[in-house]
Structure formats: structure tokens, C-alpha cells
S.K.: 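I have a structure here, written as C-alpha cells, and I will follow up with some questions on it.
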Amino acid sequence: MSALTISVIDSHTGGEPTRVVIGGFPVLDGSTMTERRSHFARAFDHLRTGIVKEPRGSDVWVGALLGEPTTPAADASVIFFNDAGYLGMCGHGTIGLVETLHYLGRLPVASLRLETPAGIITAHRDEEGSVELENVASYLHLRDVTVSTEFGEFTGDVAYGGNWFFLVYEQPFALLVRDQERLMTVTKAIRAALFTGGITGRQGEMIDHVELFSAPQTTGSDSRNFVLCPGNAYDRSPCGTGTSAKLAALYSRGELAEGEVYMQESITGSQFEGSVRVVNGEIIPTIRGRAFVTGESKLVFQDGDPLRWGITE
Ligand code: PYC
């Protein structure tokens, strides 16, 4: 029986898993990352579902396809994907990817310039193992938007940090892992209300991440969050792009100074340290966190397996 095989390295960043594809994936066509991502979606979407969804993964996994860059301005490229589709950028995934390259002995000593569909980012791992990434320009798009759901009204900001987020600063729920089902239901209702209300990103993009905040529970944190990701998962880490969007929003609201350190904790208690700097009028967030490698495997996709490409709806 013949089988396709794909080599991956698994890691987690603050509890959130990343599966980096390091071999066996077809070469994607395209002279830009957007074109390559379209080729991935058009021709190889079955590999996305086979790699991240059950039975090899689950809704919580984020995949990262490592490749050559399309420009000499970058050292490597990456396309992030999950149970629902493709991400513009992924902060926890970048930290996982850098730790994976370090594990493989393939990390340049200086900072790594990574090309993503959202733009070029840089990342550096220090000797203690922390990874700091400088993200794409992030911004507050809409301030104090109120949506109405069966669970009440929620007011928040629409902000961009490499993906689109609705940031709810004041809300009545405790952000606890044991309440994850209720938090998923509430945030999905908020996402649906944004959609039906026609509230979108700057160029009509769907706001596919919803972030709730509460008081922190871990020493040193400024805030705790629960982040609904696209599809059917929540982020176990504080979410790198979500924290970037929040920092940009806080800076624009006058609630965070340039260079001020902000510690965001996740629902699992894991932490990302962040700050912003302003370059040519753009807000550039920096996020610092830590990842650990959890596995090294060859995924096998056997001919004749009716669930070869994962369990899809
Ligand atoms: O860390 O940016 C992030 C992220 C996005 C979705 C899951 N994690």
C-alpha cells in the first residue's frame, strides 16, 4: 500500500501547539506569499486538514509550512494554517517555529527575518530560550463598538495585529479553563453578531478572533485573556497577534506609552511580554514568549484510508 509522508516537529508555546512542516510538502507556486497561500488553498487544502485536524491533530493545532522566501529581504517564509483555514500571521506559531529551528540546529545566530502573508517579521531567540518577535504594523481600527447577543451587550475595539480581533475589555465572565465551553459559546455569539452587524476590518475582512479580558491571576501580569480563534478553538497562549492588536489599541487610546512593558496572561496562566515602538507613524509591537518542542514525527497518509485527509464537516 503506498502512502504520502510529511515530516513535522511539534511544539507548544504557553500551552498552544504548533506543528511545523519540515519535509514532504509540495513546492508552492507564486511570487508573493499571498499567491503561495492561494496555491496552498486551491491545490493542497486536503493536506491542511490532514495535518492539523483529527485523527492526527485537533481543532486546536496551528500548522506552519516553512519555505523559501520570495524576497532577499527575508531568510525564510512561513504560512500558518489551522482547522478553519489560513492565518495572516501567528505569534505563538512564530515562537514555536523559532524554537523548532533552534532544535534542528538551523537557526541563524542573528535575528531571523520571516516572510508571512501579512508581511515580514523578525524574531530572535536568546540564550535562555526566550523568543522575541517584532510583528507587522498593528493598529486600532474601530473604537468602542457595541454588539448585542443573547448573552447581553459587549463593547469592544476592532484592532489588527496580523489578524483581526474584537477586544472586549469589560465583561462579566471569569476566564477559567473549566468554563471554556461557556466562553466559547459567548465569544462565538459575539463573532456572529459582528458578522451580521457588518462590522469588519479595514478592507472588509471578517473579524474572526474575539478576545475577552479580565483582571490577572498570575504575578507580574497586567491582564488575563480568553481568545476565540477562527473555527472551533481557543488559544491556550496569550495570542501573539491578539496581544499585538491589544497593545496597538491601548497605545492609540493613550493607555500605554511607547516602550512600556505590558504582560498579558492567557486563560492557562502562560505569559507574553509585549511593548510597542512607533516607526514612521506605524505601531510596531514586540512580543516575547517561550516554546518547547514536544514531538518529532513523520505523518503517514495511507491510500485507502477513508479519513486520510482528516475529519472534515
Ligand atoms: O499567537 O497569534 C497567535 C495566534 C493566532 C491564533 C492562535 N495563536
Side-chain angles (χ1 to χ4, degrees), residues 10-20 37 48 51-53 57-65 78-100 114 116-119 121-123 130-139 159-167 180 183-184 187-188 191 201 205-213 223-249 262-268 270-274 276 284-292:
D10 293 344
S11 62
H12 82 88
T13 310
E16 181 76 353
T18 306
R19 176 162 282 171
V20 179
R37 184 175 57 181
R48 173 183 66 80
I51 291 167
V52 292
K53 285 177 76 79
S58 74
D59 290 340
V60 71
W61 280 90
V62 170
L65 177 63
V78 61
I79 297 174
F80 292 108
F81 52 97
N82 65 9
D83 62 322
Y86 299 85
L87 293 161
M89 221 305 272
C90 181
H92 95 267
T94 300
I95 296 169
L97 170 60
V98 169
E99 187 59 29
T100 293
L114 261 181
T116 75
I121 60 161
T122 57
S130 287
V131 176
E132 185 170 277
L133 72 94
E134 191 167 87
N135 199 1
V136 294
S138 302
Y139 53 91
Y160 179 78
N163 295 301
W164 282 99
F165 290 83
F166 188 61
L167 310 171
Q180 58 181 272
L183 295 168
M184 288 290 287
T187 48
K188 281 184 181 178
R191 181 164 65 190
E205 300 92 338
M206 183 181 174
I207 299 160
D208 50 7
H209 295 73
V210 175
E211 198 167 346
L212 307 180
F213 300 106
S223 158
R224 187 175 179 92
N225 70 10
F226 173 87
V227 185
L228 174 70
C229 297
N232 193 31
Y234 71 90
D235 201 331
R236 275 67 172 164
S237 85
C239 193
T241 51
T243 301
S244 297
K246 181 183 187 184
L247 295 179
Y262 190 90
M263 189 71 88
Q264 182 66 58
E265 107 192 9
S266 72
I267 188 167
T268 64
S270 56
Q271 295 172 310
F272 282 172
E273 184 184 295
V276 298
I284 310 291
T286 294
I287 302 293
R288 176 181 281 272
R290 182 127 200 226
F292 296 88

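Bear in mind the structure is a predicted one, so any value in this text is a computation, not a measurement. All ligand and atom numbering here is 1-based and tracks the order in the structure.
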S.K.: Would you check the N or O atoms of Gly240, main chain and side chain alike, for any that come under 3.5 Å of an N or O of ligand 1?
M.R.: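 Yes, at least one N or O pair falls under 3.5 Å.
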S.K.: Tell me which one of Gly91, Pro230, Gly161 gets a heavy atom nearest to atom 3 (C) of ligand 1.
M.R.: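 When every heavy atom of Gly91, Pro230, Gly161 is considered, Gly91 comes closest to atom 3 (C) of ligand 1.
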S.K.: Is a donor from one side chain sitting under 3.5 angstrom from an acceptor on the other, for His12 and Thr18?
M.R.: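 Short answer, no.
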S.K.: Provide the number and element of each atom of ligand 1 under 4.0 Å from a heavy atom of Thr241.
M.R.: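 Near Thr241, the atoms of ligand 1 are 2 (O), 3 (C), 5 (C).
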S.K.: Between the side chains of Lys53 and Asp59, is the shortest nitrogen-to-carboxylate-oxygen separation below 4.0 Å, so that they form an ion pair?
M.R.: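 Counted as a salt bridge, because a side-chain N and a carboxylate O are separated by less than 4.0 Å.
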S.K.: Do Val136 and Ile121 make a side-chain contact, defined as non-hydrogen atoms from C-beta onward lying under 4.5 Å apart?
M.R.: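 The answer is yes; the side chains approach within 4.5 Å.
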S.K.: Do ligand 1 and Leu87 have nitrogen or oxygen atoms that lie under 3.5 Å from each other?
M.R.: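 Checking ligand 1 against Leu87, no N or O pair falls under 3.5 Å apart.
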S.K.: Is the shortest N/O to N/O distance between His209 and ligand 1 below 3.5 Å?
M.R.: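 N/O-N/O distance under 3.5 Å: no.
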S.K.: Can Lys246 be said to sit on top of Phe165's aromatic six-ring, NZ or CZ under 6.0 Å from centre and within 45° of the ring axis?
M.R.: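 Verdict for Phe165: no cation-pi partner in Lys246.
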S.K.: In terms of side-chain heavy atoms, does Glu99 have a donor or acceptor partner in Ser11 at a distance below 3.5 Å?
M.R.: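 The answer is no; no qualifying pair exists.
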S.K.: Taking only heavy atoms of Asp235, which atoms of ligand 1 are found under 4.0 Å from at least one of them?
M.R.: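 Selected atoms, number and element: 1 (O), 4 (C), 7 (C), 8 (N).
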